[in-house]
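Start at 1 and go down the list; that is how both ligands and their atoms are numbered.
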Amino acid sequence: MEKIRIGILGATSYTGNELIRLLAFHPNAEIVCVSSQSYASKRICDIYPELKGIFDGILLAPDAVSSVAMDCLFSCLPHAVSAELLIPFIEKGIRVIDLSADFRLKDPVTYKTWYMHEHPSPEYLEQAVFGLPERYRNAIATASILANPGCYVTSILLPLLPLFETIGKSIDWIIADSKSGVSGAGRTLKLVSHFVEANENCSAYSVGHTHRHTPEIEQELSFAARRPVSITFSPHLLPINRGILSTIYIHTRESAQTCKEIVAEAYANEPFIRMREASDMPRIAGVAHTNYCDMAFAGGGSEIQPVIAISAIDNLLKGASGQAVQNMNIMFGLSETAGLLR
Ligand SMILES: NC(=O)c1ccc[n+]([C@@H]2O[C@H](COP(=O)([O-])OP(=O)(O)OC[C@H]3O[C@@H](n4cnc5c(N)ncnc54)[C@H](OP(=O)(O)O)[C@@H]3O)[C@@H](O)[C@H]2O)c1
């Protein structure tokens, strides 16, 4: 079988680095170009020395990528920039996998409300497929525009979607308290990710229905429940490099055992979901550097006690580049786990 020719826009990003490491060892993929605006004409291993001997490609300026023949283009660019740069490739019929938020929301008005600018190509929003394989595998197989979900979003939707699909009417409210490692903020310099700010610290941010992942979570839960769903979502920054732990409070008349059985049944054949016992709670160290999502259910048992779902993922893998490769595998008819089990 011929290898899938891959391009990566924004290859100097943290998610780009992860993609290169995954795809350089993928049995059916070949990276044919990588781009950077700031480091064009340098080698990617000048930016990330650990890639030396693994992938030594020269970084192209973004506008030079259009002259390279490829089958699939990943974008690791910030939102807005990503859609702008992807449009010509979409128009040429190249299958794109966007790690930014640009194609995740179906409603351009919601996009404008949360991202504070008009969507550059709203005509493509309907066609884009939300890239959560556990929910949209069939649509992903034929997708030409793949919207890879947000990292927090993945950790929250995976335990909740089977519940909203089946017992959604019995769920009154949900609160997600999520904690992320600092790589979730990206490589671009920001005060919050300076060592002295983040180290030996833990702080909440964007609380009170203000974090940009909120509409994505609500969109997908509403689709599953077939009614509007709202969530209270409180993200926190943890002084670790990578990983997300989400603690999700679900007010429902159902027991934790029933919730666990529903979710376990829905994911019985999923290669990257691992159910844990309440006595062996998911933890970030158990999923770091893997594409797994670990989850467990506890609590409940009375009118006022919510069921509690705990989930853990690696934000850069199941929350970004690993899930993107999982989606690529489905889109190109490969084994879904190719290049992801190590
Ligand atoms: N970090 C995560 O855990 C995570 C998880 C899920 C999704 N995402 C999403 O995935 C995307 C990449 O995230 P990241 O955290 O890996 O990013 P990052 O480390 O902050 O890097 C972003 C990259 O975009 C490039 N860039 C920035 N502005 C640009 C512009 N105006 N034109 C062209 N290129 C530009 C920069 O490359 P040069 O300076 O080399 O040009 C930079 O390497 C984002 O949309 C993010 O929201 C991130």
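Atom 22 (C) of ligand 1 has S13 CB, 3.7 Å as its closest protein atom, hydrogens excluded (heavy atom only). Atom 26 (N) of ligand 1 has as its closest protein heavy atom P78 CD, 3.8 Å. For atom 6 (C) of ligand 1, the closest non-hydrogen atom on the protein side is G319 O, 3.2 Å. In this structure, the protein non-hydrogen atom closest to atom 20 (O) of ligand 1 is T188 OG1, 2.9 Å. Looking only at heavy atoms of the protein, atom 41 (O) of ligand 1 is closest to Q37 N, 2.7 Å. Among protein heavy atoms, atom 9 (C) of ligand 1 sits closest to L99 O, 3.3 Å. Nearest protein heavy-atom neighbour of atom 1 (N) of ligand 1: S183 O, 3.0 Å.
The atoms of ligand 1 that sit less than 4.0 Å from any heavy atom of R187 are 18 (P), 19 (O), 20 (O). Each of the following atoms of ligand 1 lies closer than 4.0 Å to a heavy atom of A320: 5 (C), 6 (C). Close approach to L77 involves these atoms of ligand 1, each under 4.0 Å from a residue heavy atom: 11 (C), 24 (O), 25 (C), 33 (C), 34 (N), 35 (C), 44 (C), 45 (O). Of all atoms in ligand 1, numbered sequentially from 1 with element shown, those under 4.0 Å from a heavy atom of Y39 are 40 (O). Near T12, meaning under 4.0 Å from any of its heavy atoms, are these atoms of ligand 1: 37 (O), 38 (P), 40 (O), 42 (C), 43 (O). Heavy-atom proximity to L316, at under 4.0 Å, picks out these atoms of ligand 1: 1 (N), 2 (C), 3 (O). Under a 4.0 Å criterion applied to the non-hydrogen atoms of G186, ligand 1 contributes the atoms 15 (O), 18 (P), 19 (O), 20 (O). Close approach to G184 involves these atoms of ligand 1, each under 4.0 Å from a residue heavy atom: 1 (N), 2 (C), 3 (O).
The environment of E277 atom CD is sparse: at most 12 non-hydrogen atoms of other residues, nucleotides or ligands sit within 6.0 angstrom. Within a 6.0 Å sphere centred on CG of N199, other residues, nucleotides and ligands contribute more than 12 heavy atoms.
Remark: the D107 side chain and the Q219 side chain contain no N/O donor-acceptor pair separated by less than 3.5 Å. Using modelled atom types and a 3.5 Å distance limit, the side chains of T252 and S170 yield a donor-acceptor pair.
At least one N or O atom of Y14, backbone or side chain, sits closer than 3.5 Å to an N or O atom of ligand 1. In terms of polar-atom proximity, defined here as any N/O pair under 3.5 Å, N315 does make such a contact with ligand 1.
Using a non-hydrogen distance threshold of 4.0 Å, P62 does not register as a contact of ligand 1.
Residue pairs that meet the side chain to side chain donor-acceptor pair (under 3.5 Å) test with at least one member in residues 29-48, sequence neighbours left out, are Y48-R187. Each side chain to side chain donor-acceptor pair (under 3.5 Å) pair with one or both residues in residues 328-341, not counting sequence neighbours, appears once here: H26-N329, R137-E336, Q326-E336, S335-T337.
Annotation: W114 is in aromatic contact with H209 [ring centroid separation under 6.0 Å].
When L9, T15, I47, L85 are ranked by how near their heavy atoms come to atom 14 (P) of ligand 1, first place goes to T15. The option from S38, G10, C76 that lies nearest to atom 39 (O) of ligand 1, judged by heavy atoms, is S38.
A salt bridge is defined here as a Lys NZ or Arg NE, NH1 or NH2 lying under 4.0 Å from an Asp or Glu carboxylate O, and K190 with E197 fails to meet this definition.
The main-chain N or O of H79 is never found under 3.5 Å from a side-chain atom of D102 such that the two would form a donor-acceptor pair. H251 places a side-chain N or O within donor-acceptor distance of the main-chain N or O of E303, the cut-off being under 3.5 Å.
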Show your working on ring-ring contact (aromatic ring centres under 6.0 Å, His included) between F103 and H119 and close with a plain yes or no. CA-CA 9 Å; F103 293 103; H119 196 284; 5.6 Å; yes
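Of all heavy-atom pairs between N315 and G184, the closest is ND2-N, 3.3 Å.
Taking a distance limit of 4.0 Å, we find that atom 47 (O) of ligand 1 is approached by no protein heavy atom.
Residue-level proximity to ligand 1 for S82 is absent, since no heavy atom of it falls below 4.0 angstrom.
A cation-pi arrangement is absent between R135 and F223 under the rule of less than 6.0 angstrom and at most 45 degrees off the ring axis.
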